[in-house]
Amino acid sequence: MPDDRTTHRVSFHLRRSRPAVAVVGATGAVGRELLRVLAERQFPLAELRLFASRRSAGATLSFAGREIAVEPLSEASFAGLDLALFSAGSAVARDHAPHAVRCGAVVIDNSSAFRMDADVPLVVPEINACAIETHRSIIANPNCAAIITLMALAPIHRRCRINRAILATYQAASGAGAAAMQELLDATRAHLAGAPYAPRVLPHPYAFNLFSHDTPIDPETGCNGEETKVVNESRKILGDPDIRVGVTCIRVPVLRAHAIAVTIECEHPIDPAEARALLAEAPGLRVVDDRAANHFPMPSEASGRDEVLVGRIRRDPSDPSGRSLALFAVGDQLRKGAALNAVQIAERLLP
Ligand SMILES: NC(=O)c1ccc[n+]([C@@H]2O[C@H](COP(=O)([O-])OP(=O)(O)OC[C@H]3O[C@@H](n4cnc5c(N)ncnc54)[C@H](OP(=O)(O)O)[C@@H]3O)[C@@H](O)[C@H]2O)c1
């Protein structure tokens, strides 16, 4: 980490138990969810300041019954602030997080800018909360598909190490931001009306369609950026550089909540009932696994909820050794995959 991003901290805690907080990217899909989560969880606040680009000049956002003006972000924005929740993309994080840190704030960043930096903790509180204590003023919130996948895998991994995980994602529009959600609505309306619609945000027609994740493909490996993030971040969060992970990331026409189909191969045989019991007692998870009713996790039931839903827990019939299980997880990536996870980290920073 460059020196100008670090400050000497005597404690991993914030300076005050009622901190002054900034939300950077407040007008975006994650930013608006951050405001909802901060209000719902009654996060203690001395002051809340909202920042976005110059495009949002003059806008206000409501928070806990009052209107707050959105300010354009500048180098001077962070004076007097204790905590900055960034959700404005990697470029903004790289440019502005160092200013926040120099002002004495702790940054929790939702972008991928710092996630793989060796001295930046990458945290899912239910999995590796202790990493928070090692921060040097910047903490990274992981990729949303990684968070939802690992919420379902970590309880099993802790008991019976997972050697290998093969997964396919079904990722919602909201993962690409507020404009992509609007594009899904507009494209669907146009399709139903029989009208032409030219995609503006995502690269392909979105109504009644799905396509390979819109991050760039590495020409050598054939993997896209999202897939690479899930692989690398899974290893870092689990603290297991040897876990083998293979991923195919797909964008589906769902407004919010990502779904992930996973097959795991453990070091030892594991019974589906044992896995179900481990998942049932894990914090932040809800088992939805009703074979009789054919009722399993769905984006419609995960949307707006804090818990990651997990089900379809069964033996993988292609592995007679009994070491492999298949399961299906769904989580609202604007909440647990982004805003909620960030606020949970912030709560652990309170002195
Ligand atoms: N969406 C998800 O599910 C999800 C999950 C995990 C992580 N993330 C990450 O969170 C970040 C935000 O994602 P999002 O989905 O909320 O995107 P979004 O809906 O497109 O919102 C982007 C936000 O960033 C602001 N912004 C853009 N350029 C800026 C600048 N130069 N200065 C200040 N603010 C600027 C925008 O302000 P204006 O409104 O003024 O343009 C807006 O508030 C991204 O890094 C994304 O990868 C997203």
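Whatever order the structure lists them in is the order used to number ligands and atoms, beginning at 1. For the numbers below, each heavy atom of this structure counts, side chains included, while hydrogens, waters and symmetry mates do not. Numbering of residues begins at 1 and proceeds along the displayed sequence.
No side-chain donor-acceptor contact under 3.5 Å links R159 to the backbone of L278. With hydrogens and angles disregarded, no donor-acceptor distance shorter than 3.5 Å links the side chain of R66 to the backbone of S62. A donor-acceptor pair is defined here as one N or O able to donate and one able to accept, closer than 3.5 Å; such a pair exists between the side chain of T134 and the backbone of A131. Counting only distance, with no hydrogens or angles, the side chain of S137 and the backbone of V106 share no donor-acceptor pair below 3.5 Å.
The aromatic ring centres of F208 and H191 sit less than 6.0 Å apart. Between Y206 and F211, the ring centre distance stays below 6.0 Å.
G337 counts as a contact of ligand 1, since one of its heavy atoms falls under 4.0 Å from the ligand.
Both tests pass for R312 against the ring of F296: distance under 6.0 Å to the centre and angle within 45° of the axis.
Numbered from 1 in the order shown, with element, the atoms of ligand 1 that lie under 4.0 Å from a heavy atom of A26 read 43 (O). Those atoms of ligand 1 with a heavy atom of S87 less than 4.0 angstrom away are 11 (C), 12 (C), 23 (C), 24 (O). Counting atoms of ligand 1 from 1 in the listed order, those under 4.0 Å from a heavy atom of S56 are 38 (P), 39 (O), 40 (O). Atoms of ligand 1 found under 4.0 Å from any heavy atom of L334 (numbered from 1 in listed order, with element): 1 (N), 2 (C), 3 (O). When each atom of ligand 1 is checked for a heavy atom of G89 under 4.0 Å away, the hits are 11 (C), 44 (C), 45 (O).
Here the heavy atom of the protein found nearest to atom 3 (O) of ligand 1 is Q333 CG, 3.1 Å. Among protein heavy atoms, the minimum distance from atom 16 (O) of ligand 1 is reached at V30 N, 2.8 Å. Closest to atom 17 (O) of ligand 1, if we only count protein heavy atoms, is G177 CA, 3.9 Å. Protein heavy atom in closest approach to atom 28 (N) of ligand 1: R55 NH2, 3.7 Å. Residue, atom and distance of the protein heavy atom nearest to atom 26 (N) of ligand 1 are A88 CB, 3.9 Å.
Residues L83 and I138 do not share a hydrophobic cluster, defined by chaining ILVMFWY side chains whose heavy atoms lie under 4.5 Å apart.
Partners of D316 under the side chain to side chain contact (heavy atoms under 4.5 Å, CB included) rule, at least two apart in sequence or in another chain, are T263, S318, D319, S324. For D186, the salt bridge (charged side-chain N to carboxylate O under 4.0 Å, His left out) partners at least two apart in sequence or on another chain are R189, R200.
For a threshold of 3.5 Å applied to N or O pairs, the pair formed by A176 and ligand 1 contains no separation below that value. The N/O atoms of G31, backbone and side chain alike, include none that comes under 3.5 Å of an N/O atom in ligand 1.
Heavy-atom proximity to atom 35 (C) of ligand 1, evaluated over S53, G28, A29, is greatest for S53. Of the candidates N110, T27, V92, I147, the one placing a heavy atom closest to atom 31 (N) of ligand 1 is V92. Taking only non-hydrogen atoms, the option from A338, S174, A146 nearest to atom 2 (C) of ligand 1 is S174.
The aromatic rings of H135 and F12 lie perpendicular to each other, with more than 60° between the two planes, well past the 30° mark.
For atom 11 (C) of ligand 1, the nearest protein heavy atom lies under 4.0 Å away.
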